[in-house]
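All of these numbers come straight from a predicted model, not from anything done at the bench.
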Amino acid sequence: MGEHDIIRRYFAVPELMLARPEIELGIGDDAAVLRIPEGKRLVTATDTLAEGTHFPTGAEAESIASRALAVNLSDLAAMAAEPLCFTLALTRPAAEADWLAGFSRGLAGLAGEFRCALVGGDLCRGPLQVTIQIHGLCEPGRELRRSGARPGQAVFVTGYVGDGAFGLAGLGIATPGVSLDAPPADLPADCRAHFHDAFYRPRPRIAFARAAAALIASAIDVSDGLLGDAGHLAAAGGVGIRIDPECLPYSPAALCCAGEASRLHAALRGGDDYELCFTAEPENAGGLMAIAAGMNLPLTQIGEVVAGEGFQVKGMEVGGGLSFDHFQNHR
Ligand code: ADP
Ligand code: MG
């Protein structure tokens, strides 16, 4: 299969070349041409996934594709932007039809769901790597930034925390301090499936972010654990963020299959949750909860913004070594 056959068969397909009025010219020319609607801003982000670094070697093509697009969509969610389109740079050692078909299917699922069209890309031979650049739209001044946290605000997180790290653990990839109660094969099948999907099929929180943006002061998506990412909100706002570990929301699967210390490590130092962590004025809490409830999305207040600096955990020392040693005996 030549490069152009691959593009025609797997990428320039109706499931990916979604028609949108903003797309004047999509796949097929030297570049795509986009029409930014009057009164909108273009919001753009990119993320690379490399085999062996961001997903295990030998992972299914469909899962790699859905994860690659999901993590990019999650960046748009963190900005409260509406997805528009994306480009794809795919590097592969070989062009196997089955693999490409699975990859194309994985992209098409999320592309269709979020009406995010593939408008171009590149193919290259080499070790497996997927780079997506994504574009979204937002009303001027309405994007969510990391920098709006102020003392007195409440800190929230959508969904559950820690499942990304448990997903990795289930795939045999360790995160320090994170372990499951049994070898993955011995866990209940529904828990195993939940962790697998949490890692490969994160749910970009676009709908929630779009609906709730006006009530939110600062936001980030959790890709590296709360410690790092809520830490970014604290640094960008020049404030401290204090989390109450008792409040962290864990999935039924995490509660079933991992001890307390392991869950805390997964939430704080695991990555790959792709939930939104954000701050908001306390009087907006009711409105935010109502929006989330309407979407069947768990939303939890996990702490507050305080004067000072850095990420703090109530009742614990979070030192440079990030040790939660007294949790060790706590199981
Ligand atoms: P050029 O050599 O000018 O970069 P290519 O021959 O590589 O163009 O690509 C032809 C067209 O196919 C371009 O519109 C390009 O954006 C698109 N394309 C190439 N690879 C991909 C891909 N993996 N997914 C989607 N579109 C692609
Ligand atoms: Mg090219």
With sequence neighbours left out, write down each residue that passes side-chain hydrogen bond (donor to acceptor under 3.5 Å, both in side chains) with [X], or none if nothing qualifies.
X    : result
T44  : H135
R210 : E139
R192 : none
N72  : none

Residue pairs, two or more places apart or on separate chains, that pass side-chain hydrogen bond (donor to acceptor under 3.5 Å, both in side chains) and touch residues 299-308: R242-E304
What residues form a ring pair (Phe, Tyr, Trp, His ring centres under 6.0 Å) with H54, not counting sequence neighbours? none
Non-neighbouring partners of F11 that pass ring pair (Phe, Tyr, Trp, His ring centres under 6.0 Å), sequence neighbours left out: none
Just to verify, what does [X] make a salt bridge (Lys or Arg N to Asp or Glu O under 4.0 Å) with, not counting sequence neighbours?
X    : result
R105 : E62
R115 : none
E96  : R92

Qualifying salt bridge (Lys or Arg N to Asp or Glu O under 4.0 Å) pairs, either residue in residues 283-299, two or more places apart: none
According to side chain to side chain contact (heavy atoms under 4.5 Å, CB included), who are the partners of A230, at least two apart in sequence or on a separate chain? I241, C277, F311
